[in-house]
Amino acid sequence: MSDLLAGQGPLFANPDPDAARAFFRQKKGALNNKLMPVSEAVAQFIHNGDYLASGGFGTNRIATAALHEIVRQKKADLGFAGHTTTHDFQILAAGNRHGHRLLSRIDAAYIVGLEARGLSTQARRLMESGDVDVCEWTNYALACRFRAAASGIPFLPLRSMLGTDTLKHSAAKEILCPFTGRKLTAVPALYPDVSLIHVHESDCHGNARIKGITVADYDLARASKRLIITAERIVSTDEIRSNPNATLIPAFCVDAVCHVPFGSYPGNMPGEYFSDEQHLKAWLNAERDSDTYEKFLTTYIYNVPNFETYLDRCGGTARLAELQKLEHL
Amino acid sequence: MSDLLAGQGPLFANPDPDAARAFFRQKKGALNNKLMPVSEAVAQFIHNGDYLASGGFGTNRIATAALHEIVRQKKADLGFAGHTTTHDFQILAAGNRHGHRLLSRIDAAYIVGLEARGLSTQARRLMESGDVDVCEWTNYALACRFRAAASGIPFLPLRSMLGTDTLKHSAAKEILCPFTGRKLTAVPALYPDVSLIHVHESDCHGNARIKGITVADYDLARASKRLIITAERIVSTDEIRSNPNATLIPAFCVDAVCHVPFGSYPGNMPGEYFSDEQHLKAWLNAERDSDTYEKFLTTYIYNVPNFETYLDRCGGTARLAELQKLEHL
Amino acid sequence: MSNYNAMELMICVAARLLENGATVGVGTGAPCAAAMLAQKTHAPNLLIVFEAGGLAPVLPAMPISVGDSRTSHKALMATSMCDIMETCQRGVVDYAFLGGAQIDAYGNLNSTVIGDYAHPKVRFPGSGGANDFASFCWRTLILTQHDRRRFVKQLDFLTTPGYLTGPGAREAAGLPANCGPYRVITDLAVMSFHEKTRRMQIDSLHPGITFEQVQAQTEFELGRANTITETLLPQPEELRLLREDVDPHQYIIGR
Amino acid sequence: MSNYNAMELMICVAARLLENGATVGVGTGAPCAAAMLAQKTHAPNLLIVFEAGGLAPVLPAMPISVGDSRTSHKALMATSMCDIMETCQRGVVDYAFLGGAQIDAYGNLNSTVIGDYAHPKVRFPGSGGANDFASFCWRTLILTQHDRRRFVKQLDFLTTPGYLTGPGAREAAGLPANCGPYRVITDLAVMSFHEKTRRMQIDSLHPGITFEQVQAQTEFELGRANTITETLLPQPEELRLLREDVDPHQYIIGR
């Protein structure tokens with residue numbers, strides 16, 4: 001098998017399913033009431049050194065309130081799963097400044113860019129600074145790493161990454177199929193210590209519903225050792241039980257449930273409100289000058305007591321009403 | 001690796017993803033109108049020698065009309081995926097009589113039994129006769145074989161079957177995890193030549209919705225080279241597009257769409273009607289005496305022009321109304 | 001067995017083993033009855049999962065199939081077989097109920113064939129989800145009638161893993177660590193597995209049953225727990241709930 | 001380029017390559033505009049898929065993100081990234097659009113770093129779903145500006161596979177057989193890949209552009225197709241639909 005390549009990138013999380021099984025076994029109280037403020041959820045369930053993952057897709061259905069709180073609480077030495085992460089990564093990158101190191105390990109599939117909107121100066125600065133260890137992946141490879149963990153198996157095989165530097169700089173390994181002899185890419189299970197997922201509806205136990213595309217959140221919710229749900233609406237368990245087909249995330253995956261209307265702002269929330277392109281543009285622009293950036297972060301993250309205040313500083317109910325209208329065009 | 005076990009059971013279908021890719025590439029016309037009678041769908045898309053799989057779960061959401069038609073059309077030399085297959089397998093077993101060989105290859109996870117209702121004499125006769133080649137699996141292992149095919153990869157690893165005769169008599173192979181060194185079971189992708197899935201609603205292209213548990217049908221639909229959908233109701237494509245979250249099976253998986261109200265009878269259809277335990281009991285009883293069985297099959301399959309007539313002979317609208325009532329208790 | 005029958009006793013014993021807040025994978029029949037009884041007595045937050053995709057339903061009646069619509073009635077989620085099995089494989093599910101045509105001293109089960117595999121005397125359904133449940137869930141519970149044809153020295157076919165050949169054998173085979181058969185509940189006694197030898201041993205005898213009677217119905221040699229107690233009888237409230245709420249039509253307890 | 005601009009030409013050329021009934025994976029911007037234009041002209045049954053989970057939407061407007069709600073507006077299904085990527089891996093998706101900071105003679109792409117990987121001059125987003133699309137989809141289409149900084153002899157980082165090192169290299173690497181880069185569409189020309197050497201060659205030159213001008217903007221040596229034609233101009237109806245229906249706000253064609 002000497003012709004089989006092993007990626008030289010760092011492996012940031014233990015893919016061993018028995019270690020994860022021991023953790024999941026002692027995680028009880030699926031039907032406890034898990035409602036709490038975002039500040040409490042972040043304080044209680046996110047620890048320095050944790051490996052973090054965020055759901056949604058960059059500027060779509062992201063848990064903005066929890067991301068801001070992580071920066072405000074100055075968490076340190078976090079690993080991060082950078083499947084298409086755009087504004088979420090941009091927010092966290094603010095934590096690596098003035099000698100503080102919020103992020104230290106990045107699994108990178110899509111980072112530093114905000115798709116058609118352009119690149120984030122500050123996210124680039126972080127990635128180019130050498131301040132973080134980086135491992136390369138593709139979006140599908142990271143999704144498969146979550147699925148392997150969600151399935152309770154240590155790896156999954158796939159057919160991308162082969163023949164590229166992306167594989168060489170990943171922690172994936174080439175294997176041979178035991179049935180066909182074909183060369184495949186094996187990617188190790190990724191069990192995040194804690195994840196953030198914003199949903200449309202959840203009950204107080206964390207039985208949650210998502211409308212529109214689910215991206216990788218079905219698997220991410222199951223793969224995560226701890227899970228913080230932020231929800232547009234809190235619904236009753238009777239409501240959840242009235243339509244079992246609508247549930248995507250079952251309560252036993254969840255540790256905290258936070259009620260955060262407009263929680264994906266300035267991102268898009270399918271069927272609820274569109275993204276605030278003005279605010280996202282302002283953010284990208286502010287990043288280009290360090291003084292401006294400092295003031296921007298003070299205004300929109302550091303000197304903000306809670307998420308409602310952030311929404312108000314971004315135009316409040318009037319602006320949100322515009323974004324709702326835009327979503328329903 | 002000499003300590004790694006390879007199951008000695010026969011492998012009935014080619015797990016090679018490139019062979020399947022070549023087939024899927026030439027399968028076009030996703031948005032054609034695929035509405036046709038069951039008889040035509042079975043005649044056109046099921047060929048002697050094909051490997052067949054059926055959706056649902058034995059007596060729940062099964063494509064009874066298509067299964068009867070396969071027996072009526074005297075298809076021959078079929079392979080069959082026996083994940084929890086109960087009444088569906090019992091129907092097909094009727095085809096292996098008087099020297100005719102409808103089934104020749106069985107991947108067996110759960111067969112011959114009808115759960116709490118007892119064993120099928122005729123299914124047992126078939127399995128004990130040596131008339132079919134058999135390979136052992138578990139329900140999850142077969143589900144993983146469908147998922148591997150649906151994913152376009154040649155195998156999936158799992159952690160059951162290990163240490164048992166079930167593995168020895170399967171076509172699975174033990175492998176070592178390239179990351180943890182753990183011993184795992186590798187199961188080969190299973191791409192059925194043709195599958196039958198009964199659904200609640202489908203449009204004329206095959207965009208289909210299922211209510212209640214999905215069992216393995218998300219993966220089975222995607223794994224199958226050809227797919228026959230039977231549906232309780234035909235809905236418009238506008239209706240499908242009005243709720244993209246409700247779709248489970250996209251049109252490009254589907255070859256035929258057949259409108260068959262009460263199509264899962266005598267099985268249960270979630271939210272529609274409960275199983276007809278009297279008819280299922282009558283079937284089990286009839287199997288115990290060959291003359292009685294012959295008459296039974298003549299009455300309920302061979303001398304039946306179509307599925308509506310079968311329903312009438314089983315009590316017709318009055319009985320169906322009772323089963324609807326029973327479902328909504 | 002005056003005011004209750006063996007099945008009722010077995011169901012009550014099994015129900016008591018399921019603590020509140022635990023998750024259990026069940027099939028139809030007695031296991032489902034035991035889980036339902038536990039919910040109605042000491043374990044209202046017991047989460048019941050069915051292999052076909054029913055997750056934590058409010059069971060309106062005894063299911064006939066592990067895939068029928070009752071198994072997802074008012075469920076927290078109606079999902080897939082893979083989701084349920086992977087929830088087990090991930091280590092989330094505490095208990096699973098199993099049965100079989102044969103069981104050996106290590107709790108291995110046969111539900112595939114009696115006789116030679118190539119030319120079986122009797123073909124049974126096979127593993128179904130049993131091998132998966134027994135491989136993945138932390139503790140498996142076995143409910144079965146007790147006689148010499150079932151409790152055998154040598155299985156005709158090892159369908160579903162117990163402790164295989166003894167201590168460490170599961171781990172050596174690659175199975176998840178620290179799980180396996182927990183209790184065997186029959187019409188005669190309740191058995192566990194010796195923590196060193198992993199062989200079956202009697203924990204408690206049902207009222208009026210002697211060790212010798214149980215051994216006589218068992219082909220292999222049974223061990224003895226440090227103290228063998230008498231199985232606690234079904235309590236009046238347990239019987240009332242079982243007969244009035246859980247199985248009013250006596251589908252299970254009528255047998 | 002009197003009555004149209006280069007972007008409009010590139011979009012029209014790309015749209016014509018997408019036959020009716022085909023399935024195409026797209027990102028935002030020009031690729032999405034091309035797919036939308038194809039639907040409005042010759043390919044009403046073109047199925048558009050987005051990597052984040054949007055399957056065959058009726059696009060009400062140009063999406064800003066491949067995961068925004070427009071990508072599943074009136075879609076046939078709102079699904080997951082794994083479902084879309086596995087539909088590609090299974091061989092169902094005919095075309096995918098790609099771009100990058102650098103491209104070489106074999107159509108390999110770099111969207112990760114400029115400079116040394118350990119100490120990059122510029123860090124770009126990385127593969128995203130590009131490597132997956134390029135590995136799985138039958139034919140990849142590359143839309144990009146044409147200059148010497150992009151069309152390079154040696155990539156700083158091979159993010160996404162083209163034909164790798166040449167004929168048979170994809171298959172040797174384990175990638176699915178018989179797929180790879182199909183066309184490269186730039187502001188100067190349309191290029192394909194020689195069926196023997198798998199190196200980039202010019203198929204058609206845009207009006208007023210010479211082979212030498214394109215070669216001057218390309219670091220590696222370009223091949224010549226047997227017959228090099230002039231790229232068909234955007235037709236009035238194509239331009240009308242593109243400007244009035246596809247991109248009325250000129251998000252893309254205004255650049």
Side-chain angles (χ1 to χ4, degrees), chain A residues 56-61 82-84 86 108-117 119 123-124 127-128 130 136-141 143-144 147 158-166 168-169 174 182-185 211-219 268-272 274-275 277 327 329, chain D residues 27-29 50-55 60-61 63-72 75 78-82 85-86 88-89 108 110 112 117-136 155 157-161 164-165 169-170 172-176 251:
Chain A
F57 193 82
T59 51
N60 309 284
R61 204 173 41 70
H83 68 89
T84 295
T86 64
Y110 187 96
I111 49 169
V112 319
L114 272 83
E115 302 187 75
R117 303 173 188 93
L119 300 182
R124 268 189 58 193
M127 294 304 298
E128 294 165 5
E136 299 294 323
W137 303 94
T138 70
N139 276 348
Y140 177 55
C144 285
R147 176 184 281 184
L158 56 142
R159 304 188 72 193
S160 60
M161 297 179 71
L162 295 157
T164 66
D165 293 333
T166 305
K168 289 199 187 89
H169 290 273
E174 291 181 348
R182 287 190 180 283
K183 196 182 288 183
L184 301 164
T185 302
K211 289 172 188 161
I213 60 172
T214 54
V215 195
D217 292 351
Y218 170 102
D219 292 310
N268 167 220
M269 190 65 178
E272 308 284 335
F274 202 64
S275 50
E277 294 303 316
E327 175 68 6
L329 277 187
Chain D
T28 50
F50 292 88
E51 66 173 81
L55 194 160
I64 295 173
S65 161
V66 300
D68 76 35
S69 50
R70 291 164 180 175
T71 63
S72 58
T79 186
S80 66
M81 176 179 284
C82 276
M85 287 303 187
E86 285 158 5
C88 297
Q89 192 166 229
N108 303 304
N110 172 17
T112 303
Y117 180 77
H119 310 286
K121 258 211 257 27
V122 185
R123 171 73 206 202
F124 288 112
S127 161
N131 179 298
D132 306 307
F133 268 161
S135 298
F136 302 151
L155 301 176
F157 190 99
L158 201 171
T159 308
T160 296
L164 299 174
T165 56
R170 285 177 65 100
L175 290 168
Y251 291 129

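Below, all heavy atoms of this structure are taken into account, side chains as well, without hydrogens, waters or symmetry copies. As the structure is a prediction and not an experimental result, all values here were calculated from the model. Just so it is clear: chains get the letters A, B, ... in the order the sequence lines come, proteins before strands, and each one is counted from 1.
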Would you compute the distance between atom CG of D:Asn131 and atom OG1 of A:Thr164 and round it to the nearest 0.5 angstrom?
4.5 Å
Could you have a look at D:Cys82, D:Gly129, D:Cys88 and say which one has the most heavy-atom pairs with chain A under 4.5 angstrom?
D:Cys82
Most heavy-atom pairs under 4.5 angstrom with chain A, which of D:Gly126, D:Gly67, D:Gly174, D:Ser72?
D:Gly67
In this structure, CG of A:Leu114 is separated from CD1 of D:Ile64 (nearest 0.5 Å) by 11.5 Å
With a 4.5 Å cut-off on heavy-atom pairs, point out which of A:His169, A:Arg182, A:Arg117 contacts chain D the most.
A:His169
Can you see which heavy atom on D:Ser69 is nearest to which on A:Pro270, and at what distance?
CB-CA, 3.9 Å
Against chain D, label A:Arg147 side chain, backbone, both or neither, depending on which of its atoms sit under 4.5 Å from a heavy atom there.
side chain
Under a 4.5 Å heavy-atom cut-off, does chain A meet the side chain of D:Ala118, its backbone, both or neither?
neither
Look at the rings of D:Phe136 and A:Tyr140 and say which category their plane angle falls in: under 30° parallel, 30 to 60° tilted, over 60° perpendicular.
perpendicular
Sequence neighbours left out, what passes side-chain hydrogen bond (donor to acceptor under 3.5 Å, both in side chains) with A:Tyr110? Give chain and number order.
none
Which atoms form the tightest heavy-atom contact between D:Thr28 and A:Glu115, and what is the distance?
CG2-OE1, 4.5 Å
Distance from A:Asn268 atom CG to D:Asp68 atom CG, nearest 0.5 Å?
5.5 Å
Roughly how far, to the nearest 0.5 Å, is the OG atom of A:Ser160 from the CE atom of D:Met85?
8.0 Å
What pair of heavy atoms forms the shortest contact from D:Asp132 to A:Asn139, and how long is it?
OD2-N, 3.6 Å
Where does D:Leu175 contact chain A at under 4.5 Å (heavy atoms): side chain, backbone, both or neither?
both
Nearest heavy-atom contact between A:Asn60 and D:Ser65 is ND2-OG, 2.8 Å
Would you check if the side chain of D:Gln89 reaches a backbone N or O of A:Arg159 as a donor-acceptor pair within less than 3.5 Å?
yes
Heavy-atom pairs under 4.5 Å with chain D: which of A:Thr214, A:Ile111, A:Thr86, A:Thr59 has the most?
A:Ile111
Part of D:Thr159 lying under 4.5 Å from any heavy atom of chain A
both
If you compare all heavy atoms of A:Lys183 against all heavy atoms of D:Ala173, which two are closest, and at what distance to 0.1 Å?
CD-O, 3.5 Å
A:Phe274 versus chain D, heavy atoms under 4.5 Å apart: side chain, backbone, both or neither?
side chain
Decide yes or no for D:Pro125 and A:Val112: does some side-chain heavy atom of the first lie under 4.5 Å from some side-chain heavy atom of the second?
yes
If I compare all heavy atoms of D:Ser127 with all of A:Thr138, which pair ends up nearest, and what's the gap?
OG-CG2, 3.5 Å
In chain order, what residues pass the side-chain hydrogen bond (donor to acceptor under 3.5 Å, both in side chains) check against A:Glu136, with sequence neighbours excluded?
D:Tyr117, D:Arg123
Highest number of heavy-atom pairs under 4.5 Å with chain D: which of A:Ala109, A:Cys144, A:Gly163, A:Gly113?
A:Ala109
Examine whether an atom of D:Thr79 lies under 4.5 Å from a heavy atom of chain A, and if so say whether it belongs to the side chain, the backbone or both; otherwise answer neither.
backbone
Mind checking the OG-CG spacing from D:Ser80 to A:Asp219? Nearest 0.5 Å is all I need.
7.5 Å
At a heavy-atom distance under 4.5 Å, which candidate from A:Lys168, A:His83, A:Lys211, A:Glu277 has the highest pair count against chain D?
A:Glu277
About how many Å separate CG of D:Leu55 and CD1 of A:Ile213, when rounded to the nearest 0.5 Å?
11.5 Å
Tell me which of these, D:Val122, D:Thr112, D:Thr165, has more heavy-atom pairs under 4.5 Å with chain A than the rest.
D:Val122
